[in-house]
Visitor: 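Take a look at this one; I'll ask things after.
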Amino acid sequence: MLSLKERIELLESDLTADPPRVSVYHDMPFAILWYRPADEWMMRREVNLLASRLRDHGKNVRMISLAELLWEAIDKSEGMDVLIELERSMGFEEAQRQVSTYLTDPDYMPLSDLLANQLIDLDPKKDVAFLIRAASMAPAIYPMSRLLNEMHGRTMVTIILFYPGTLEGTTGMPFMDLKDREVYGNYKVKIY
């Protein structure tokens, strides 16, 4: 198995190739770079360094924090006070389910819509979006494979999801290394 540094180098090589080689399917220019959750702080530094190197190659990189999109969805839905009260009265699991509803139900603030709005002004020929802070969706707020599937057909901007977890087999990726959960995989995107 390749080290994190080797996988970042491979991703960088694929992003700077002409044409870029990150896509498995031409209409789904997405990829995942996984890293161990314990390496979060190192990964944040590496993401910034990678973005700087890509800019040197003429790529514009937009950092999109999934944590910020999560808070935006909560604020624009019912607000934090409602969630606090729900957790007090019904418990954590119910509050987590409500946040999942905010991020999936079209009557609230679907995460895929919030992300699509971040990508509207980007040029697929020269821009790349880095999805960072995915750990904010733990333990079970929103599966990342769902987000990439929902973005299929909505953008041609290259999206790289920086995913805290491990790789099991070729596509199984336990989110945040949570061992007691079903392993989700996305067979449609390249995994670094």
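Since the structure is predicted, the reported quantities are computational estimates derived from the model, not experimental observations. Hydrogens, waters and symmetry mates play no part in the numbers below; they use all other heavy atoms, side chains included.
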Visitor: Is T155 reaching over with its side chain to a backbone N or O of M151, donor-acceptor style, under 3.5 angstrom?
Guide: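 No; judged by distance alone, with no hydrogens or angles, the pair does not exist.
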Visitor: Look at the side chain of E46 and the backbone N and O of K5, then say whether any donor-acceptor pair between them is shorter than 3.5 Å.
Guide: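 No; judged by distance alone, with no hydrogens or angles, the pair does not exist.
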Visitor: When you compare the side chains of E6 and S3, does any donor N or O come within less than 3.5 Å of an acceptor on the partner?
Guide: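 There is such a pair (donor and acceptor under 3.5 Å, judged by atom type) between the side chains of E6 and S3.
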Visitor: Decide if the gap between the ring center of F162 and the ring center of Y35 is smaller than 6.0 angstrom.
Guide: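 Aromatic pair excluded; centres sit 6.0 Å or further apart.
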Visitor: Under a 4.5 Å cut-off applied to non-hydrogen side-chain atoms, are T104 and L111 in contact?
Guide: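 No, side chains not in contact.
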Visitor: Under 4.5 Å between any side-chain heavy atoms of M43 and L4, yes or no?
Guide: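 Yes, at least one pair of side-chain atoms sits under 4.5 Å.
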Visitor: Check the side chains of S13 and R21 for a donor-acceptor pair under 3.5 angstrom, ignoring hydrogens and angles.
Guide: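 R21 vs S13: donor-acceptor pair found between side chains.
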Visitor: Are M63 and L49 joined in one hydrophobic group, where the rule is that I, L, V, M, F, W and Y side chains link up if heavy atoms are under 4.5 Å apart?
Guide: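 Unlinked, M63 and L49 end up in two clusters.
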Visitor: Is there a donor-acceptor pair under 3.5 Å between the side chain of R55 and the backbone N or O of V61?
Guide: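 The answer is yes, because a donor-acceptor pair under 3.5 Å joins these two groups.
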Visitor: Say whether, by atom type as modelled, one donor and one acceptor occur between the side chain of D105 and the main chain of T101 under 3.5 angstrom.
Guide: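 The answer is no, because no donor-acceptor pair under 3.5 Å joins these two groups.
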Visitor: Take a 6.0 Å sphere around CD of E68 and say whether it holds more than 12 heavy atoms from other residues, nucleotides or ligands.
Guide: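 12 or below, so no.
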Visitor: Do the side chain of N48 and the main chain of R44 share a donor and acceptor less than 3.5 angstrom apart?
Guide: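 Present.
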Visitor: Could you check whether atom CZ of R36 has more than 12 heavy atoms from other residues, nucleotides or ligands sitting under 6.0 Å from it?
Guide: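 Counting neighbours around CZ of R36, 12 or fewer heavy atoms of other residues, nucleotides or ligands fall under 6.0 Å, so no.
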Visitor: Can you check side-chain contact (heavy atoms from CB on, under 4.5 Å) on L86 and E78, steps first, answer last?
Guide: CA-CA 11 Å; L86 182 62; E78 297 177 309; over 6 Å; no
Visitor: Can you tell me if CZ on R88 sees more than 12 non-hydrogen neighbours from other groups inside 6.0 Å?
Guide: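 Atom CZ in R88 is not crowded, with 12 or fewer foreign heavy atoms closer than 6.0 Å.
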Visitor: Quick check: are there more than 12 heavy atoms from other residues, nucleotides or ligands sitting under 6.0 Å from CE of M80?
Guide: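 Yes, enclosed.
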Visitor: For W34 and R7: C-alpha separation, side-chain torsions, deciding distance, then whether side-chain contact (heavy atoms from CB on, under 4.5 Å) applies.
Guide: CA-CA 9 Å; W34 70 271; R7 289 183 281 117; 3.4 Å; yes
Visitor: What I'd like to find out is whether the side chain of M137 reaches to under 4.5 Å of the side chain of L70, using heavy atoms alone.
Guide: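 In contact.
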Visitor: Can you tell me how far the CD1 atom of I74 sits from the CD atom of Q98, to the nearest 0.5 Å?
Guide: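 Reported to 0.5 Å precision, the distance equals 10.0 Å.
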Visitor: Of I132, L131, L161, L114, which is the lone residue that meets side chain to side chain contact (heavy atoms under 4.5 Å, CB included) with I64?
Guide: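 Single pass found, and it is L131.
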Visitor: Using side-chain heavy atoms (C-beta onward) and a distance below 4.5 Å, is V189 in contact with M28?
Guide: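 A side-chain contact under 4.5 Å exists here.
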Visitor: Considering only heavy atoms from C-beta outward, does the side chain of I159 approach that of L119 to under 4.5 Å?
Guide: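 When only atoms from C-beta onward are counted, L119 and I159 do touch, with a gap below 4.5 Å.
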